[in-house]
Amino acid sequence: MSALAPLPAGAWGPKGHHLVNGLAAQALPASMPAFMRTAQARAELTYLGLELDLQKGAGKEWDADLDPGHYLDIAGNGVIAGGLPLHALPLTREAYDTQLRARGGDQYETGYLPYSIVQGWEQLRMDFAYWRVDDYESVHASSQQVRAAAAQRRTFDQALVLRDAGVWGHYVADASQPLHVTVHFNGWGKYPNPSGYSQSTHLHDLFETEFVDRFVTPADVRAQMSKAAPVRAAHLTTDAQILTAVEAYLTRSNANVEPLYRIEKSGGFRTGSRQARTFTAGCLALGADELRDLTVWAWDDSLNQTIGDDFPQSVRSILSGTPYKGL
């Protein structure tokens with residue numbers, strides 16, 4: 001998205017973000033920690049889905065740095081606007097920005113949504129790792145004093161997990177809004193347009209907020225959600241593996257760009273056609289599925305982590321009885 005173009009307020013309006021976060025939270029399997037599956041936790045995870053949009057306008061530094069993390073300009077040929085193939089992104093945001101600058105652009109013009117998702121996933125995975133250890137130590141530590149301290153830390157861990165998971169869910173939901181993963185983000189723009197797709201700068205708001213508010217229900221979205229993905233973390237997940245998974249997710253969402261423009265051309269988003277309702281619910285379901293599955297993956301892979309700064313220890317070893325050297 002050009003730095004000179006008016007940026008959309010956010011991917012999905014309040015209802016859309018609450019649907020993605022809320023339905024993902026409801027769909028978490030029994031293998032997840034019990035504290036994440038309470039009614040209170042689901043309410044918190046749902047509410048926090050909009051937090052990053054509510055924070056917009058906090059200040060020039062906040063907005064300038066974080067706003068581009070909500071989108072990615074992908075051209076119709078599967079190449080990011082700066083000339084990088086979506087399926088071959090560099091492993092770090094720094095390397096991504098370096099490559100874009102070599103092509104005359106930068107991450108702030110093109111967006112860095114995949115790195116927002118990966119970074120948040122890595123943070124959540126580490127949150128879970130510390131929770132696992134503190135939960136174990138609250139029962140198995142050598143003294144009552146140490147067990148009590150671990151139980152208190154576990155309470156803090158749980159608050160952090162819910163906060164980080166809920167806020168990060170916003171980025172995952174952003175990526176399921178097709179207009180946030182395309183150069184055609186608010187009208188087709190100055191690109192070849194043989195199909196005569198809309199140039200309306202109101203399309204973004206019409207689709208993500210007005211249409212969702214009027215025509216999409218939680219039941220519509222839930223009906224299109226898939227079963228949870230299988231466990232993917234028997235061994236430590238590499239940086240390349242999580243980035244590849246995010247690239248595949250963005251590719252699936254980007255495939256919905258032209259169908260969206262075809263529905264808009266037929267008037268479906270203005271009339272609330274069955275096709276428009278089914279399509280939009282499917283986009284939201286894609287986001288809820290991905291958020292649920294990535295959350296489960298972060299939990300599963302947290303068992304493979306190493307925690308501690310001064311005295312690094314594997315989570316598996318601590319849970320197998322090796323004394324914890326941390327706090």
Side-chain angles (χ1 to χ4, degrees), residues 1-21 44-75 80-82 84 89-90 92-101 103-124 160 162-187 189-190 200-210 212-213 246 249-250 253-254 287 291:
M1 297 182 182
S2 170
L4 300 179
L7 294 177
W12 304 119
K15 182 178 178 180
H17 275 292
H18 289 155
L19 281 170
V20 171
N21 267 42
E44 184 173 344
L45 290 167
T46 300
Y47 172 79
L48 288 173
L50 193 62
E51 182 67 13
L52 288 170
D53 280 348
L54 297 178
Q55 291 292 328
K56 289 184 176 181
K60 289 186 180 298
E61 169 59 23
W62 174 278
D63 293 338
D65 188 54
L66 294 184
D67 281 357
H70 295 248
Y71 63 82
L72 182 68
D73 285 353
I74 304 173
I80 294 170
L84 299 177
L89 295 176
T92 67
R93 182 177 153 193
E94 179 184 18
Y96 169 71
D97 188 56
T98 297
Q99 291 193 30
L100 289 178
R101 288 180 185 275
R103 292 166 167 81
D106 60 51
Q107 62 182 318
Y108 301 103
E109 179 180 3
T110 304
Y112 59 86
L113 177 57
Y115 299 95
S116 299
I117 298 174
V118 171
Q119 184 182 66
W121 183 87
E122 292 173 342
Q123 182 172 339
L124 180 61
L160 191 60
L162 292 175
R163 192 271 179 193
D164 288 348
V167 173
W168 163 70
H170 182 100
Y171 290 124
V172 181
D174 280 351
S176 69
Q177 210 282 50
L179 298 178
H180 265 244
V181 291
T182 178
V183 294
H184 312 294
F185 58 88
N186 202 10
K190 297 179 180 180
S200 171
T201 56
H202 182 60
L203 173 59
H204 205 111
D205 286 340
L206 171 65
F207 171 66
E208 72 179 14
T209 300
E210 295 174 21
V212 172
D213 286 350
V246 171
Y249 172 47
L250 294 169
S253 184
N254 177 255
L291 180 55

S.K.: To check you understand the geometry: which heavy-atom pair defines the closest contact between Ala175 and Ser253, and what is its length?
M.R.: O-OG, 2.6 Å
S.K.: Just so I know, are the side chains of His17 and Val20 near enough to count as touching, which here means a heavy-atom distance under 4.5 Å?
M.R.: no
S.K.: Indicate yes or no for a side-chain donor-acceptor contact from His204 to the backbone of Phe185 under 3.5 Å, with no hydrogens or angles considered.
M.R.: yes
S.K.: If you round to the nearest 0.5 Å, how far is CD1 of Ile80 from CZ of Arg103?
M.R.: 9.5 Å
S.K.: I'd like to check Glu109 versus Leu100 (side-chain heavy atoms, cut-off strictly below 4.5 Å). Are they in contact?
M.R.: no
S.K.: Decide yes or no for Leu66 and Tyr112: does some side-chain heavy atom of the first lie under 4.5 Å from some side-chain heavy atom of the second?
M.R.: yes
S.K.: What's the spacing between Gln107 CD and Leu72 CG if we round to 0.5 Å?
M.R.: 11.5 Å
S.K.: Ignoring hydrogens, what is the shortest heavy-atom contact between Pro68 and Asp63? Give both atom names and the distance.
M.R.: CD-O, 4.0 Å
S.K.: Check the angle between the aromatic planes of Tyr115 and Tyr96 and answer parallel, tilted or perpendicular using the 30° and 60° thresholds.
M.R.: tilted
S.K.: Flag yes if more than 12 heavy atoms outside Gln119 fall under 6.0 Å of its CD atom; otherwise flag no.
M.R.: no
S.K.: So which heavy atom on Ser116 is nearest to which on Trp168, and how close?
M.R.: O-CD1, 4.0 Å
S.K.: For Pro178 versus Thr182, what's the shortest heavy-atom pair and its separation?
M.R.: O-CG2, 3.3 Å
S.K.: How long is the straight-line distance from CG of Leu291 back to OH of Tyr249, given to the nearest 0.5 Å?
M.R.: 8.0 Å
S.K.: May I ask you to check whether over 12 heavy atoms, not counting those of Gln55, lie within 6.0 Å of atom CD?
M.R.: yes
S.K.: Could you pull out the closest heavy-atom pair between Asn186 and Thr201, with the gap in Å?
M.R.: ND2-O, 2.8 Å
S.K.: Rounded to the nearest 0.5 Å, how far apart are CG of Asp67 and CH2 of Trp62?
M.R.: 10.0 Å
S.K.: Check Arg101 with Asp97, please: is the shortest side-chain N to carboxylate O separation under 4.0 Å?
M.R.: yes
S.K.: Rounded to the nearest 0.5 Å, how far apart are CG of Asp213 and CD of Glu208?
M.R.: 10.0 Å
S.K.: Write down the atom of Leu162, the atom of Leu45, and the distance for their closest heavy-atom approach.
M.R.: O-CD2, 3.5 Å
S.K.: Does CZ belonging to Arg93 count more than 12 external heavy atoms closer than 6.0 Å?
M.R.: yes
S.K.: Heavy-atom distance under 4.5 Å between the side chains of Trp12 and Phe207, does that happen here?
M.R.: yes
S.K.: Using distance alone, with no hydrogens and no angle criterion, decide if His180 and Asp174 have a side-chain donor and acceptor under 3.5 Å apart.
M.R.: no
S.K.: Roughly how far, to the nearest 0.5 Å, is the NE2 atom of His184 from the CD1 atom of Ile74?
M.R.: 10.5 Å
